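What you see is a predicted model; the values in this text were computed from it and never measured. Just so you know, ligand 1 is whichever comes first in the structure, and atom 1 is the first atom listed for that ligand.
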Amino acid sequence: MQGVYLESEKEKNVIAESMYEKLKAKLSHVVPDFELQHKAEIAEEIMRLKEERNAVILAHNYMEPALFYSVPDYVGDSLELSRKAAACDQDVIVFCGVRFMAETAKILSPEKTVLLPAKKAGCSLAASITAEDVRKLKAQFPGVPVVTYVNTYADVKAESDICCTSSNAAAVVESLGTDTVIFLPDEYLAKNTAKETGKHIVFPTRLPPGKFDSSLDYQMVGWQGRCEVHERFTVEDIENARRQFPDVLVLAHPECSPEVVEASDFAGSTTAMVKYVKEHKAEQYLILTECAMGDNIAAENPDKEMLRMCSIRCPHMNEITLEDTRDALRENRYVIEVPEEIRVKAYRAVKRMIEISAKD
Ligand code: 13P
Ligand code: SF4
């Protein structure tokens with residue numbers, strides 16, 4: 001009995017060693033060695049649990065490097081991970097991201113157990129709007145289609161005609177072919193999308209009740225939600241960076257203000273930013289998004305320098321760690337549930353978005 005135990009311990013060490021080598025190859029210039037050894041052991045345990053439970057791990061681009069480069073089967077932006085959640089055939093989906101993303105996976109794959117490794121892992125955008133808010137807007141603008149950013153909870157999606165992500169917002173708005181759309185809840189993504197599509201946007205919630213003039217020339221109706229991370233980047237930050245690093249290329253997420261997007265060299269989804277750095281020859285990049293993504297890009301591009309502002313972090317994405325991911329599989333937690341009547345309605349909106357994006 002003892003011999004078997006020793007043998008499996010030995011095997012465990014060999015496997016952990018190979019995970020350590022894998023992480024070292026990617027991250028030796030980004031993460032200290034003692035940290036890599038510790039993370040490799042946890043990652044190996046996750047790999048064993050993943051097999052035991054027939055699980056797939058989907059991880060957002062914001063996950064910290066040791067997690068990002070070890071256990072996920074797929075990494076990506078919101079749209080890519082939604083597609084994977086809809087297509088995978090394992091019994092369990094572990095979603096290393098925030099709650100609205102795990103909920104979207106459950107909406108698309110209701111027969112699977114979906115686990116979020118943190119109890120809360122919220123999002124300031126998802127928290128900015130309720131289903132009742134959407135119903136009121138629909139009553140105020142009867143017949144106007146509702147486009148909802150995926151950064152919302154299932155009951156808000158259920159009130160919507162179609163969802164969008166940062167990578168397809170303009171295409172989704174244009175696909176509707178209507179004179180007017182309601183676009184919720186990100187004020188800045190809405191303004192950036194209005195600019196890209198040449199539409200005029202209004203924010204009726206900013207006006208005193210009853211003061212909205214429906215004869216105004218508008219094609220988009222917005223809401224006042226904001227991402228607590230991206231709203232903090234300023235044009236001054238960009239100017240300061242350009243003064244210090246004259247050749248730097250600046251990349252912004254479309255959840256940044258239109259002024260910041262305008263002052264940047266590129267704006268796009270998290271995966272679009274990853275691709276941009278890969279495809280460009282410049283030596284320095286400033287990324288205006290969650291700072292962990294800078295580490296992940298730096299790991300793939302050792303010849304390039306990633307400048308980032310790590311005093312601005314997403315506290316929700318940072319709730320997800322390798323330890324929590326292991327515990328999620330060990331303890332079957334935290335199980336994401338969406339009431340069926342809400343899920344069925346939300347499914348229509350998410351599925352419609354995926355179908356439109358599939359044509360891209
Ligand atoms: P992406 O869809 O671009 O990955 O964005 C998700 C998000 O929450 C950005 O803050
Ligand atoms: Fe939400 Fe912003 Fe965090 Fe993305 S970065 S999850 S939009 S709070």
- Among protein heavy atoms, which lies nearest atom 7 (C) of ligand 1, and at what distance? E255 OE2, 3.6 Å
- When clusters are formed by joining ILVMFWY residues with side-chain heavy atoms under 4.5 Å apart, either directly or through shared neighbours, do M63 and L329 land in the same one? yes
- Message: Need the ligand 2 atom indices (1-based, order shown) with element for anything under 4.0 Å from a heavy-atom of N151.
- Response: 7 (S)
- Message: If the cut-off is 4.0 Å to any non-hydrogen atom of Y62, which atoms of ligand 1 fall inside it?
- Response: 9 (C), 10 (O)
- Query: Is it the case that more than 12 heavy atoms not belonging to E340 sit under 6.0 Å from its CD atom?
  - Reply: yes
- Query: Has C314 got an N/O/S atom less than 2.8 Å from atom 3 (Fe) of ligand 2?
  - Reply: yes
- Query: Is there a side-chain contact between I93 and C88 (heavy atoms, below 4.5 Å)?
  - Reply: yes
- Message: Please list, in number order, the atoms of ligand 1 under 4.0 Å from a heavy atom of D77.
- Response: 1 (P), 2 (O), 4 (O)
- Message: Given the ring of F100, does K157 sit roughly above its face, with NZ or CZ under 6.0 Å from the centre of the six-membered ring and within 45° of the axis?
- Response: no
- Query: Is E290 near ligand 1, meaning one of its heavy atoms is under 4.0 Å from it?
  - Reply: no
- Message: Would C227 and C123 count as a disulfide pair, i.e. SG atoms separated by less than 2.5 Å?
- Response: no
- Message: Does ligand 1 come near enough to T270 that some N or O of the ligand is less than 3.5 Å from an N or O of the residue?
- Response: yes
- Query: Looking only at distance, does S78 have an N or O less than 3.5 Å from an N or O of ligand 1?
  - Reply: yes
- Item | Nearest-contact summary for atom 8 (O) of ligand 1 - protein heavy atom, Å | N151 ND2, 3.3 Å
- Looking only at protein heavy atoms, what sits closest to atom 1 (Fe) of ligand 2 is C123 SG, 2.4 Å
- Message: For E52 and N54, which I'm curious about, is there any donor-acceptor pair between the side chains at under 3.5 Å?
- Response: no
- Task: Taking atom OH of Y74 as the centre, report whether more than 12 heavy atoms of other residues, nucleotides or ligands fall under 6.0 Å from it.
- Result: no
- Query: Does the N or O separation between Y149 and ligand 1 drop below 3.5 Å for any pair?
  - Reply: no
- E283, CD atom: more than 12 neighbouring heavy atoms under 6.0 Å: no
- Taking only heavy atoms of S124 into account, list the atoms of ligand 2 that are under 4.0 Å away from them. 8 (S)
- Query: Is the shortest distance from a heavy atom of E255 to ligand 2 less than 4.0 Å?
  - Reply: yes
- Should the ring pair F266 and Y276 be called parallel, tilted or perpendicular, given that the plane angle runs from 0 to 90° and is split at 30 and 60? parallel
- Consider only side-chain N and O atoms of S257 and E259, and report whether a donor and an acceptor are under 3.5 Å apart. yes
- What protein heavy atom is closest to atom 5 (O) of ligand 1, reported as residue, atom name and distance in Å? H253 NE2, 3.3 Å
- In ligand 2, the atoms that come under 4.0 Å of a heavy atom of V229 are 5 (S)
- L125: numbered ligand 2 atoms lying under 4.0 Å from its heavy atoms: 7 (S)
- Item | Atoms in ligand 1 flagged as close to S166, the criterion being non-hydrogen separation under 4.0 Å | 1 (P), 2 (O), 3 (O)
- Any N/O/S atom of C227 sitting less than 2.8 Å from atom 1 (Fe) of ligand 2, backbone or side chain? no
- Query: Is I356 close to M353 at the side-chain level, that is, under 4.5 Å between some pair of heavy atoms?
  - Reply: no
- Query: Pick from N318, N296, T289: which one makes a side chain to side chain donor-acceptor pair (under 3.5 Å) with Y62?
  - Reply: T289
- Query: Under 4.0 Å from any heavy atom of S269, which atoms of ligand 1 are there?
  - Reply: 3 (O)
